[in-house]
Enquirer: 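Below you will find the structure I want to go over with you.
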Amino acid sequence: MDDQQLLRYSRQILLPQIDIEGQQRLLNSRVLVVGVGGLGSPVALYLAAAGVGQLLLADPDQVDLSNLQRQVIHHAADIGRDKVASAAERVAAINPQVECRPLPSALAGAALQQAVAEVDLVLDCSDNFATRHAVNAACVQLGKPLVSGAAIRLEGQLSVFDPRREDSPCYQCLYGEGDEQALSCSEAGVVGPLVGMVGSLQALEALKLLAGFGEPLVGRLLLIDALDSRFRELRVRRDPACNCCGAAG
């Protein structure tokens, strides 16, 4: 690190849990963010500000007026633009030292496998079960840690799945095959600060994994009740019969 980097990241470096070594790990890290909407907005901003070396931002959608209530990485002038282009512009503005690669198409099949293979960690900030299951399967297959978040109405969820650990469940252990009939934010609504909270916690979990400090939410599901401002934690065990990470996989 040069003097400018030491100054930029000095408040993190002062923390004994991070120090110079942890900051250097962040600078050397590569991260895939799947979805740069409500959750992906704070994720991308905080990881860029923290000095993660390379960000791959994947999202096939364009900015819409209805996004602006919660997707704070996008501005009114971005309406109609690819979300990844808008997000990459904000990332460069906050930290031009971060290499940002926009991926403006839906990740699936070989493209998803390649993107996951290139990075050290994946954050699932998507809003549908098909994408979540595909991302989870790729992370399990390639041994990459996955930070998964979700928010709808006034409820949020967060967990970390790390296939490098024998005791870690995967997304499918927790949610099974999923339910594509579940409502989306456009149908059920969501309050803006809630997605900001979940996304910020996702970014924090990612920094812990990348820099090597603290205890990540592996085997634990954090439930957020925004209506009554309550947090609850559930233990999640690995399912030996899971079709993705278990003996049946």
Enquirer: Could you report the tightest heavy-atom contact between F213 and Q17, atom names first, then the distance?
Expert: CB-O, 3.3 Å
Enquirer: Identify, with sequence neighbours excluded, every residue that meets salt bridge (Lys or Arg N to Asp or Glu O under 4.0 Å) alongside R220.
Expert: E233
Enquirer: Should S126 and V135 count as side-chain neighbours, where that means a heavy-atom distance under 4.5 Å?
Expert: no
Enquirer: Members other than Y9 in its cluster, when Ile, Leu, Val, Met, Phe, Trp, Tyr link by side-chain heavy atoms under 4.5 Å?
Expert: M1, L6, I13, I20, L27
Enquirer: Any donor and acceptor pair, going by atom type alone, linking the side chain of D82 with main-chain N or O of V84 inside 3.5 Å?
Expert: no
Enquirer: Measuring from L222:CG to Q202:CD, what's the distance to the nearest 0.5 Å?
Expert: 11.0 Å
Enquirer: Mind checking who shares a hydrophobic cluster with V63, ILVMFWY linked at side-chain heavy-atom distances under 4.5 Å?
Expert: L65, L68, I79
Enquirer: Mind checking the CG-CG spacing from L158 to L221? Nearest 0.5 Å is all I need.
Expert: 8.0 Å
Enquirer: Establish whether I94 and L26 are linked, either directly or via other cluster members, by ILVMFWY side-chain heavy-atom contacts under 4.5 Å.
Expert: no
Enquirer: For D167, check side chain to side chain donor-acceptor pair (under 3.5 Å) against everything at least two apart and list the hits.
Expert: R165
Enquirer: Treating Ile, Leu, Val, Met, Phe, Trp and Tyr as nodes and any side-chain heavy-atom pair under 4.5 angstrom as an edge, say whether Y175 and V140 lie in one connected cluster.
Expert: no
Enquirer: Quick one: CG on L223 to CG on D225, what's the gap to the nearest 0.5 Å?
Expert: 9.5 Å
Enquirer: Does P169 reach the side chain of L174, with side-chain heavy atoms less than 4.5 Å apart?
Expert: no
Enquirer: How many angstroms lie between atom CD of E205 and atom CG of L146, to the nearest 0.5 angstrom?
Expert: 12.0 Å
Enquirer: OH of Y46: more than 12 outside heavy atoms within 6.0 angstrom?
Expert: no
Enquirer: In Å, rounded to the nearest 0.5 Å, how long is the span from OG of S168 to CG of D162?
Expert: 5.5 Å
Enquirer: For R81, which residues count as a side chain to side chain donor-acceptor pair (under 3.5 Å) partner, sequence neighbours excluded?
Expert: D78, E89
Enquirer: Taking the side chain from N95 and the backbone from A48, do they hold a donor-acceptor pair closer than 3.5 Å?
Expert: yes
Enquirer: Check whether any side-chain heavy atom of L121 sits under 4.5 Å from a side-chain heavy atom of S29, and report yes or no.
Expert: no
Enquirer: Do C245 and P163 have side chains that get closer than 4.5 Å, going by heavy atoms?
Expert: no
Enquirer: Flag yes if L45 and L55 sit in one hydrophobic cluster, no otherwise; membership is Ile, Leu, Val, Met, Phe, Trp, Tyr, and two members link when side-chain heavy atoms are under 4.5 Å apart.
Expert: no
Enquirer: Test your reading of the model: is there a side-chain donor-acceptor pair from K144 to the backbone of V122, 3.5 Å cut-off?
Expert: no
Enquirer: So, the side chain of R238 versus the backbone of G246: is there a donor-acceptor pair under 3.5 Å, distance only?
Expert: no
Enquirer: Would you compute the distance between atom CG of L207 and atom CZ of R25 and round it to the nearest 0.5 angstrom?
Expert: 13.0 Å
Enquirer: Would you check if V218 and V160 make a side-chain contact, meaning some heavy-atom pair closer than 4.5 Å?
Expert: yes
Enquirer: Would L112 and L142 show up in the same hydrophobic cluster when neighbours are defined by side-chain heavy atoms closer than 4.5 Å?
Expert: yes
Enquirer: Is a side-chain donor or acceptor of R90 paired with a backbone partner of V72 at a separation under 3.5 angstrom?
Expert: no
Enquirer: So, do L201 and L217 sit near enough that their side-chain heavy atoms are less than 4.5 Å apart?
Expert: no
Enquirer: Write down the atom of D64, the atom of S66, and the distance for their closest heavy-atom approach.
Expert: OD2-OG, 2.7 Å
Enquirer: I'd like to know if the side chain of Q12 reaches the main chain of A50, judged simply by a donor and an acceptor atom lying under 3.5 Å from each other, with no hydrogens or angles considered.
Expert: yes
Enquirer: Under the side chain to side chain contact (heavy atoms under 4.5 Å, CB included) rule, what do D61 and N67 come out as? Steps first, then yes or no, please.
Expert: CA-CA 11 Å; D61 295 335; N67 299 150; over 6 Å; no
Enquirer: Using the rule that Ile, Leu, Val, Met, Phe, Trp and Tyr join whenever any side-chain heavy atoms are under 4.5 Å apart, tell me whether F231 and L154 fall into a single cluster.
Expert: yes
Enquirer: If you look at every heavy atom in S148 and F161, which pair is closest and at what distance?
Expert: CB-CE1, 3.7 Å
Enquirer: Do any side-chain atoms of residues 34-44 form donor-acceptor pairs under 3.5 angstrom with protein atoms, and if so which ones, sequence neighbours left out?
Expert:
from: S41; atom 1: OG; to: G37; atom 2: O; distance (Å): 2.6
from: S41; atom 1: OG; to: I73; atom 2: N; distance (Å): 3.4

Enquirer: Do you know the tightest heavy-atom contact between P145 and D120?
Expert: CD-O, 3.3 Å
Enquirer: Tell me whether K83 contacts the main-chain N or O of P60 through its side chain, where contact means a donor paired with an acceptor under 3.5 Å.
Expert: no
Enquirer: Taking all heavy atoms of A211 and all of G22, pick out the closest pair and write down the distance.
Expert: CB-O, 3.8 Å
Enquirer: Under the side chain to side chain contact (heavy atoms under 4.5 Å, CB included) rule, what do L56 and R101 come out as? Steps first, then yes or no, please.
Expert: CA-CA 5 Å; L56 279 66; R101 286 177 48 195; 4.0 Å; yes
Enquirer: Determine the minimum heavy-atom distance between A88 and L57, stating which atoms define it.
Expert: N-CD1, 4.1 Å
Enquirer: Return yes if some donor-acceptor pair links the side-chain N/O of Q5 with the main-chain N/O of D2 below 3.5 Å, else return no.
Expert: yes
